A.B. asks: 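The structure is given below, and queries will be raised subsequently.
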Amino acid sequence: MPYITGDSIQVLSHQVQSRWNETLVWATRHQLGSRLSPLLCGLLVAAFAYGIVYLDSAVPGVNPPSPFTPRSKKRFREEKTASMHLGYLCALFCGFLVTVFMYFDLYS
């Protein structure tokens with residue numbers, strides 16, 4: 001006795017399509033795309049710029065140090081400088097600016 005029949009597949013397909021249509025109606029009603037796309041674009045730009053800064057360094061993650069790399073105890077005692085490099089801050093700021101420009105539509 002088979003567990004999967006043609007009728008059960010059609011019923012499942014109909015249920016999935018109806019749920020998908022309900023989700024699309026909800027997303028359209030709440031303008032989900034127009035609210036999330038600027039944030040996603042800003043995150044992508046920040047990640048891309050962060051990657052460029054990371055790969056452009058002399059030794060990736062060491063010079064300049066990545067904000068997420070753990071500092072050794074020896075370096076911690078010798079250096080009292082900030083661990084956030086200006087290049088990484090600029091990368092985050094670029095993503096923030098893209099998000100703000102897209103939300104407020106300042107580029108047009």
Side-chain angles (χ1 to χ4, degrees):
M1 179 169 160
Y3 292 106
I4 300 174
T5 63
D7 294 333
S8 65
I9 291 174
Q10 287 178 349
V11 168
L12 180 65
S13 171
H14 179 67
Q15 289 175 350
V16 168
Q17 286 177 355
S18 66
R19 294 284 183 197
W20 181 254
N21 289 336
E22 290 173 8
T23 305
L24 288 178
V25 168
W26 181 85
T28 304
R29 186 180 320 132
H30 294 287
Q31 298 174 348
L32 193 62
S34 64
R35 293 180 188 203
L36 286 182
S37 64
L39 184 63
L40 291 175
C41 287
L43 287 174
L44 284 173
V45 167
F48 181 73
Y50 185 91
I52 288 175
V53 170
Y54 181 79
L55 293 175
D56 189 46
S57 60
V59 179
V62 176
N63 185 17
S66 173
F68 302 114
T69 56
R71 296 174 62 165
S72 67
K73 291 181 182 179
K74 180 181 174 187
R75 282 185 59 199
F76 185 70
R77 281 187 230 127
E78 291 174 3
E79 297 179 14
K80 296 293 182 188
T81 61
S83 64
M84 195 68 163
H85 189 262
L86 183 62
Y88 296 114
L89 287 174
C90 288
L92 295 175
F93 187 67
C94 286
F96 176 73
L97 280 181
V98 166
T99 302
V100 169
F101 285 163
M102 288 185 73
Y103 268 127
F104 294 115
D105 201 23
L106 295 175
Y107 53 86
S108 64

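What you see is a predicted model, and the numbers here were worked out from it, not measured in a lab. All heavy atoms count here, side chains included; hydrogens, waters and symmetry mates do not. Throughout, residue positions are numbered sequentially from 1 according to the sequence presented.
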A.B. asks: Can you measure from CG (Leu97) to CE (Met102) and round to the nearest 0.5 angstrom?
C.D. replies: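 That separation rounds to 13.0 Å.
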A.B. asks: Side-chain heavy atoms nearer than 4.5 Å, only ILVMFWY residues, links allowed to pass through others: does that put Val25 and Leu36 together?
C.D. replies: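 No, because Val25 and Leu36 fall into different hydrophobic clusters, even though each may have its own neighbours under 4.5 Å.
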A.B. asks: From Leu44 CG over to Phe48 CZ, what is the distance, rounded to the nearest 0.5 angstrom?
C.D. replies: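 Here the interatomic distance stands at 10.5 Å.
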A.B. asks: Passes side chain to side chain contact (heavy atoms under 4.5 Å, CB included), Leu12 versus Ser8? Steps please.
C.D. replies: CA-CA 6 Å; Leu12 180 65; Ser8 65; over 6 Å; no
A.B. asks: When you compare the side chain of Val45 with that of Cys41, does any pair of heavy atoms fall below 4.5 Å?
C.D. replies: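 A side-chain contact under 4.5 Å is absent here.
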A.B. asks: For residues Leu55 and Val53: do they belong to one hydrophobic cluster (side chain heavy atoms under 4.5 Å, members Ile, Leu, Val, Met, Phe, Trp, Tyr)?
C.D. replies: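 Yes, one cluster joins them.
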A.B. asks: Nearest 0.5 Å please: distance from the SG atom of Cys94 over to the CD1 atom of Ile52.
C.D. replies: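 Here the interatomic distance stands at 9.5 Å.
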A.B. asks: So does Gln17 get a backbone contact from the side chain of Asn21, meaning a donor-acceptor N/O pair under 3.5 Å?
C.D. replies: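 A pair under 3.5 Å: yes.
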A.B. asks: For the pair His85 and Tyr88, name the ring-plane relationship: parallel under 30°, tilted 30 to 60°, perpendicular over 60°.
C.D. replies: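 Answer is perpendicular, since the angle exceeds 60°.
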A.B. asks: With clusters defined by side-chain heavy atoms of hydrophobic residues (ILVMFWY) lying less than 4.5 Å apart, directly or transitively, does Leu89 cluster with Tyr50?
C.D. replies: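 Same hydrophobic cluster.
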A.B. asks: Rounded at 0.5 Å granularity, tell me how far CD in Gln15 sits from CZ in Arg19.
C.D. replies: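 Between atom CD of Gln15 and atom CZ of Arg19 there are 7.5 Å.
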A.B. asks: For the pair Thr99 (side chain) and Gly95 (backbone), establish whether a donor and an acceptor sit closer than 3.5 Å, ignoring hydrogens and angles.
C.D. replies: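 Yes; at least one donor-acceptor contact below 3.5 Å.
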